[in-house]
Amino acid sequence: MKLRFAPSPTGLLHVGNARVALANWLLARQKGGRVLLRLDDTDTARSKAEYADALAEDLTWLGLDWDESFRQSDRLALYAAAAERLKASGHLYPCLENEDELKAKRDRQLRAGRPPIYDRAALSMTADQLARARANGKEPYWRFKLSHRSIAWRDGVLGERQVKLPSLSDPVLIRADGSPLYTFTSVVDDLDSGVTHILRGEDHVTNTGVQLDLWEALGGDPRALTFAHLPLLTDAEGGPLSKRLGALALRQLRRDGIEPAALAGYVAALGTATDPHPAMPRDLVPGFRLDAISRSAARFDPRQLLALNRRWLHGADFAAVQDRLPEGATEPFWLAVRGNLDLVTEAKAWWEVVAGTVVPPPQEEERDFLRAALETLPPEPWDEATWGAWTGALRNRTGRKGKALFLPLRLALTGDEHGPELKALLPQMGRERALLRLRVAAGAR
RNA sequence: GUCCCCAUCGUCUAGAGGCCUAGGACACCAGCCUUUCACGUUGGUAACACGGGUUCGAAUCCCGUUGGGGACGCCA
């Protein structure tokens with residue numbers, strides 16, 4: 001058993017890609033299959049090395065790995081050889097129309113209310129015409145002649161599906177400059193690398209029909225292949241995800257403070273009745289089931305993702321987040337604030353509270369109370385008992401209790417009405433900071 | 001435009017003719033707990049897109065409408 005994840009390095013990985021990659025990985029790891037990471041970089045104009053690097057990095061961040069990897073641009077000889085075989089068997093035919101002519105043809109068909117399918121005009125081109133074009137320096141591009149039949153398969157997610165080949169254009173496999181196209185390289189590689197399970201997005205179902213036809217033309221046994229297509233994700237409003245891709249790039253989510261366990265857990269449960277929980281891919285392996293995935297498109301809801309992220313954070317060990325915390329942040333600090341965070345990135349603000357500078361808002365009407373607080377502030381050393389001792393003394397002196405007692409203190413000390421327990425925060429910020437802030441809040445100077 | 005697919009609470013879904021006064025999780029709201037927030041806990045709001053059939057009986061089957069997604073590239 002071998003599965004492959006085959007992104008093209010033409011942009012950053014987004015949540016839709018992550019879902020497909022994760023599903024491939026989970027299925028492979030669950031059934032003891034191998035994972036191939038294949039870079040579909042035949043579009044040389046759009047492919048970039050930096051995206052290839054980013055891709056590997058993002059997959060690793062998500063907690064995925066792979067057993068083998070190659071890029072298609074390194075295997076051009078393989079595709080050329082396969083093309084020769086197809087030409088020899090009469091499956092590949094040369095065409096001369098340029099892109100403008102093809103576009104005009106399609107527009108004409110569309111206007112006539114017909115599907116824009118290639119009319120196979122080039123099939124009736126004579127050897128003489130071709131020779132003349134070549135003599136004039138015009139090289140042909142090559143199309144694969146589709147069979148006149150329907151291709152059917154039992155899809156792992158969608159159930160029984162079929163594609164009617166006669167209603168499709170013969171796909172271009174080789175450009176006029178000789179470079180191979182995705183439809184072709186994908187099949188050649190699947191055949192050559194021994195892929196057994198193809199798990200990809202639903203936008204590929206027509207490709208599956210075409211590629212199965214091509215697979216057979218190249219001598220492949222269609223029974224050796226199992227297909228499953230995941231319904232595409234939509235955005236939170238139910239619209240195409242493509243509009244939000246920038247915000248939903250793994251890079252961006254990571255930068256925003258989203259944890260890989262939150263993303264993996266969410267995306268693995270999306271489209272199923274399983275209750276999502278934050279977990280890294282390796283912990284999701286036992287529970288993964290392809291046939292549990294719904295046939296309808298699921299919405300990617302950032303709020304749900306955030307809820308999972310929050311849940312993960314609240315139980316996260318210091319060691320698990322240390323590298324994303326502000327310089328110098330300590331374990332007691334983390335334990336004190338983690339319960340108040342939705343995103344790790346929010347820890348920064350609390351680190352300012354205990355180790356940096358906070359300018360509290362002035363509380364003129366609380367001036368007397370804050371002065372009393374200043375006077376009763378215990379000497380250091382401080383520990384977790386200090387807050388209780390201090391507020392106890394203050395209560396005795398001012399007669400205040402409850403909110404009236406601690407809210408002005410919280411506001412003065414942290415600049416905010418809400419936050420982590422002051423019992424833990426106070427000793428971490430230290431007497432110096434506390435004094436300064438109380439004075440500022442009281443309006444002194 | 002043509003073809004394909006999909007359609008249950010805000011979100012993900014359970015539901016395969018009577019078990020449904022439609023269940024769960026998350027989100028949301030409220031109470032309790034907590035000297036704030038969060039956690040926890042208790043409760044609540046909230047859905048079968050619409051119209052026709054079939055049937056004793058339909059969320060479940062059929063047809064249509066509407067809505068959404070996808071495919072139709074010398075992109076992948």
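Quick note on labels: first sequence line is chain A, next is B, and so on, each numbered from 1. Hydrogens, waters and symmetry mates are skipped; everything else that's a heavy atom, side chains included, is used.
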Hey, does [X] reach any base, or is it just sugar-phosphate, or nothing, if we go heavy atoms under 4.0 Å?
X        : answer
A/Gly339 : sugar-phosphate
A/Ala298 : sugar-phosphate
A/Gln109 : nothing
A/Leu110 : base

Practice problem: Please determine if A/Arg324 and A/Glu259 form a salt bridge, counting it only when a charged side-chain N lies under 4.0 Å from a carboxylate O. | Solution: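 Result for this pair is yes, salt bridge flagged.
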Quiz prompt | Side-chain ion pair, A/Lys103 and A/Asp107, N-O less than 4.0 Å | solution =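 Yes.
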Quiz item: Considering heavy-atom distances to RNA chain B, does A/Pro115 or A/Gln162 have its closest nucleotide positioned more toward the 5' end?
Solution: A/Pro115
Exercise. Name the residue closer to the 5' end of RNA chain B, choosing between A/Ala112 and A/Lys138 according to the nucleotide with the nearest heavy atom.
Key: A/Ala112
Quiz item: Of the options A/Phe144, A/Phe184, A/Trp215, which is the one that meets A/His91 in a ring pair (Phe, Tyr, Trp, His ring centres under 6.0 Å)?
Solution: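 Passing option: A/Phe144.
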Could you give the distance separating [M] and [N] at their [atom1] atoms, to the nearest angstrom?
N     : M     : atom1 : result
B/C48 : B/G17 : C1'   : 15 Å
B/G10 : B/C29 : C1'   : 13 Å
B/C74 : B/G68 : C1'   : 32 Å
B/U45 : B/C63 : C1'   : 36 Å
B/G64 : B/A27 : C1'   : 36 Å

Expected output is a numbered-order residue list: members of [range] with a heavy atom under 4.0 Å from any atom of RNA chain B. What is it?
range                       : result
residues 261-269 of chain A : A/Ala269
residues 2-20 of chain A    : A/Ser8
residues 91-106 of chain A  : A/Glu97, A/Asn98, A/Glu99, A/Leu102, A/Arg106
residues 340-355 of chain A : A/Asn340
residues 201-215 of chain A : A/Glu202, A/Asp203, A/His204, A/Thr206, A/Asn207

Quiz item: Hey, mind stepping through A/Asp177 and A/Ser179 against side chain to side chain donor-acceptor pair (under 3.5 Å) and telling me if it holds?
Solution: CA-CA 6 Å; A/Asp177 68 4; A/Ser179 59; 2.6 Å; yes
Quiz item: Within the structure, does a side-chain N or O atom of A/Arg295 lie under 4.0 Å from either OP1 or OP2 of B/C5?
Solution: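 Checking B/C5 against A/Arg295, no side-chain N or O comes under 4.0 Å of OP1 or OP2.
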Practice problem: Using a cut-off of strictly less than 4.0 Å, decide whether A/Ser169 has a side-chain nitrogen or oxygen near OP1 or OP2 of B/G73. | Solution: yes
Exercise. For A/Lys164, check side chain to side chain contact (heavy atoms under 4.5 Å, CB included) against everything at least two apart and list the hits.
Key: A/Ser150, A/Gln162, A/Pro166, A/Ser167
Practice problem: Taking side chain to side chain contact (heavy atoms under 4.5 Å, CB included) as the test, write out the residues that go with A/Leu165, two or more places apart. | Solution: A/Leu146, A/Ser147, A/Arg149, A/Ile151, A/Val163, A/Leu168, A/Asp213
Quiz prompt | Considering all heavy atoms, the nearest A/Phe70-A/Ser193 contact | solution =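 In terms of heavy atoms, the two residues are closest at CE2-CB, 4.3 Å.
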What N/O pairs connect the protein and nucleotides 23-26 of chain B at under 3.5 Å? Give each pair on its own line.
{"unit_1": "B/A25", "atom_1": "O4'", "unit_2": "A/Asp275", "atom_2": "OD1", "d": "3.1"}
{"unit_1": "B/A25", "atom_1": "O4'", "unit_2": "A/Asp275", "atom_2": "OD2", "d": "3.2"}
{"unit_1": "B/C26", "atom_1": "O2'", "unit_2": "A/Gln304", "atom_2": "OE1", "d": "2.8"}
{"unit_1": "B/C26", "atom_1": "O2", "unit_2": "A/Gln304", "atom_2": "OE1", "d": "3.4"}
{"unit_1": "B/C26", "atom_1": "O2", "unit_2": "A/Gln304", "atom_2": "NE2", "d": "2.8"}

Nucleotide nearest [X] (side chain, heavy atoms from C-beta), chosen from [options]:
X        : options             : value
A/Ser296 : B/U11, B/C6, B/A76  : B/C6
A/Pro240 : B/C5, B/G70, B/A76  : B/G70
A/Leu232 : B/G69, B/U35, B/U11 : B/G69
A/His418 : B/C37, B/C75, B/C74 : B/C37

Self-check item: All pairs passing side-chain hydrogen bond (donor to acceptor under 3.5 Å, both in side chains) where residues 182-192 of chain A contributes a residue, at least two apart
Solution: A/Arg4-A/Ser186, A/Arg4-A/Asp190, A/Arg38-A/Ser186, A/Arg38-A/Asp190, A/Gln72-A/Thr185, A/Gln72-A/Asp189, A/Arg75-A/Asp189, A/Arg75-A/Asp192, A/Tyr79-A/Asp189, A/Tyr182-A/Arg200, A/Tyr182-A/His204
Quiz item: Applying side-chain hydrogen bond (donor to acceptor under 3.5 Å, both in side chains), which residue pairs with at least one partner in residues 297-312 of chain A are found, sequence neighbours left out?
Solution: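 Residue pairs passing side-chain hydrogen bond (donor to acceptor under 3.5 Å, both in side chains), neighbours aside: A/Arg310-A/Asp342.
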Quiz prompt | Where protein sits on nucleotides 40-47 of chain B, one letter per nucleotide: B base, S sugar-phosphate only, - none, heavy atoms under 4.0 Å | solution = --------
Check residues 331-341 of chain A and write down every donor-acceptor pair under 3.5 Å in which the side-chain atom is one partner and the other belongs to a residue at least two apart or another chain.
{"unit_1": "A/Trp334", "atom_1": "NE1", "unit_2": "A/Ala316", "atom_2": "O", "d": "2.8"}
{"unit_1": "A/Arg338", "atom_1": "NE", "unit_2": "A/His314", "atom_2": "O", "d": "3.3"}
{"unit_1": "A/Arg338", "atom_1": "NH1", "unit_2": "A/Ala316", "atom_2": "O", "d": "2.9"}

